[in-house]
Amino acid sequence: MLKAADIMTKDVATIRGSATVAEAVTLMRARDWRALIVERRHQQDAYGIVSESDITYKVIAYGKNPHAIRVYEIMSKPCITINPDLAVEYVARLFAEYHLHRAPVIQGELLGIISLTDILAHSNFMEQSGTALLEQELQEEIKKARIICAETGIRSRECAAAWDAVEEMQAEISHQRAHKPPKTAFEEYCDEYPEASEARMYDM
């Protein structure tokens, strides 16, 4: 599964909050950047971000002088940051929830920046989503659980552990889809074998 670190742009620029908007524009034009990360003032400080939208909506739209306005006056701070190990599907969900176009990727230090364009360009959602892959794995785990229970007995610890793994995976799929199924795979199994519910009462 793709992670933020796999698709982020490492070519990212920072700027001081005390810099003028004119300086920010010059820097953005030099490399065709659409946003700049605003440097922290100290180690405990939060990162900020200033984007082309901030400049357009807060400076140009009001006819303000970019040489007189400072970056800290229009930036977003603190900004939402992304962990490099976060799956792209969850990055997209964060972007949707907070209406983001881009966000810095940080793990102790600034590693890069990730944008909607990066997500769209690199994710393989049109081929197969992460949830679809999990669904395939779930079906395999269900088959394994049924085989284990048939071999070791439906009241065995092994049978119970196998269904624990199935339910954990099913819970993850439900979380990703924000939808809980009417019945879990284990509950459906119990419909066939009512005594199977005793398998979940083993001592750890």
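Keep in mind that this is a model prediction, so the values were computed, not measured. We're numbering straight along the sequence, starting at 1.
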Closest approach of Ala35 to Ile113 (non-hydrogen atoms, all atoms of both residues): CB-CD1, 4.4 Å

Quick one: pull up CD1 in Ile80 and CD in Glu97 and give me the separation to the nearest 0.5 Å. 8.5 Å

Validation row: Lys77, Ile49 side chains within 4.5 angstrom (heavy atoms): no

Main chain of Thr20, side chain of Glu23: is a donor-acceptor contact present, judged purely on distance under 3.5 Å? yes

Fellow cluster residues of Ile147, listed by chain then number, with links counted only when side-chain atoms sit under 4.5 Å apart: none

So do Ile142 and Gln170 actually touch side chain to side chain, heavy atoms under 4.5 Å? no

If you link ILVMFWY side chains whenever their heavy atoms are less than 4.5 Å apart, which other residues fall into the same cluster as Tyr57? By chain and number, please. none

Any pair counted as salt bridge (charged side-chain N to carboxylate O under 4.0 Å, His left out), so long as it reaches residues 50-59, sequence neighbours left out: Arg34-Glu52, Asp54-Lys58

Nearest heavy atoms of Ile82 and Ala103, plus distance in Å: CG1-CB, 3.9 Å

Name all residues meeting the side chain to side chain contact (heavy atoms under 4.5 Å, CB included) criterion together with Lys64; count only those two or more places apart in sequence or in a different chain, and write none if there are none. Val59, Tyr62, Ile69

Distance (rounded to the nearest 0.5 Å) between Tyr98 OH and Ser76 OG: 14.0 Å

Hydrophobic cluster membership, with links at side-chain heavy-atom distances under 4.5 Å among I/L/V/M/F/W/Y: are Met8 and Val88 in one? yes

Which residues share a side chain to side chain donor-acceptor pair (under 3.5 Å) with Asn65, sequence neighbours left out: none

Between Ala24 and Val71, what is the shortest heavy-atom contact and its length? CB-CG2, 4.1 Å

Do the side chains of Tyr47 and Tyr72 join up, straight or via other hydrophobic residues, at under 4.5 Å, putting them in one cluster? no

If you take all heavy atoms of Met75 and Val50, which pair is closest and at what distance? CB-CB, 4.3 Å

Could you tell me which non-hydrogen atom of Leu116 sits nearest to which non-hydrogen atom of Phe95, and how far apart they are? CD2-CD2, 3.5 Å

Tell me if a side-chain donor or acceptor on Ser115 pairs with a main-chain N or O of Asp118 at a distance below 3.5 Å. yes

Nearest atoms (heavy-atom pairs only) where Ser51 meets Arg102: CB-NH1, 4.1 Å

When clusters are formed by joining ILVMFWY residues with side-chain heavy atoms under 4.5 Å apart, either directly or through shared neighbours, do Ile7 and Val12 land in the same one? no

Partners passing side chain to side chain contact (heavy atoms under 4.5 Å, CB included) against Gln107 (at least two apart in sequence or in another chain): Asn83, Pro84, Asp85, Leu111

Which residues pass the side chain to side chain donor-acceptor pair (under 3.5 Å) test with Thr81, not counting sequence neighbours? none

Pairwise distance CD1(Ile106) to SG(Cys79) - rounded to 0.5 angstrom: 6.0 Å

Those residues that, when tested against Arg29, pass side chain to side chain donor-acceptor pair (under 3.5 Å) (two or more places apart): none

Hydrophobic clusters here meaning ILVMFWY residues chained together by side-chain heavy-atom distances under 4.5 Å, can you tell me if Leu138 and Trp163 are in one? yes

Do Thr9 and Ile114 have side-chain heavy atoms sitting under 4.5 Å apart? no

Under the 3.5 angstrom rule, does the side chain of Trp33 hit a backbone N or O of Asp11 as a donor-acceptor pair? yes

Between Val105 and Tyr90, is there a shared hydrophobic cluster once you connect ILVMFWY residues whose side-chain heavy atoms come closer than 4.5 Å? yes

Partners of Glu192 by salt bridge (charged side-chain N to carboxylate O under 4.0 Å, His left out), sequence neighbours excluded? Arg146

Taking side chain to side chain donor-acceptor pair (under 3.5 Å) as the definition, give me every residue that meets it alongside Arg41, ordered by chain and number, with sequence neighbours left out. Asp45

Only counting residues at least two apart or in another chain, list the ones meeting salt bridge (charged side-chain N to carboxylate O under 4.0 Å, His left out) with Asp32. none

Are the side chains of Cys149 and Ser156 in contact, using a 4.5 Å heavy-atom criterion? no

Using modelled atom types and a 3.5 Å cut-off, is there a donor and acceptor pairing between side-chain atoms of Glu73 and backbone atoms of Arg70? yes

List for me each residue that meets side chain to side chain contact (heavy atoms under 4.5 Å, CB included) alongside Thr14, sequence neighbours excluded, and say none if there are none. Ile37, Glu39, Leu110

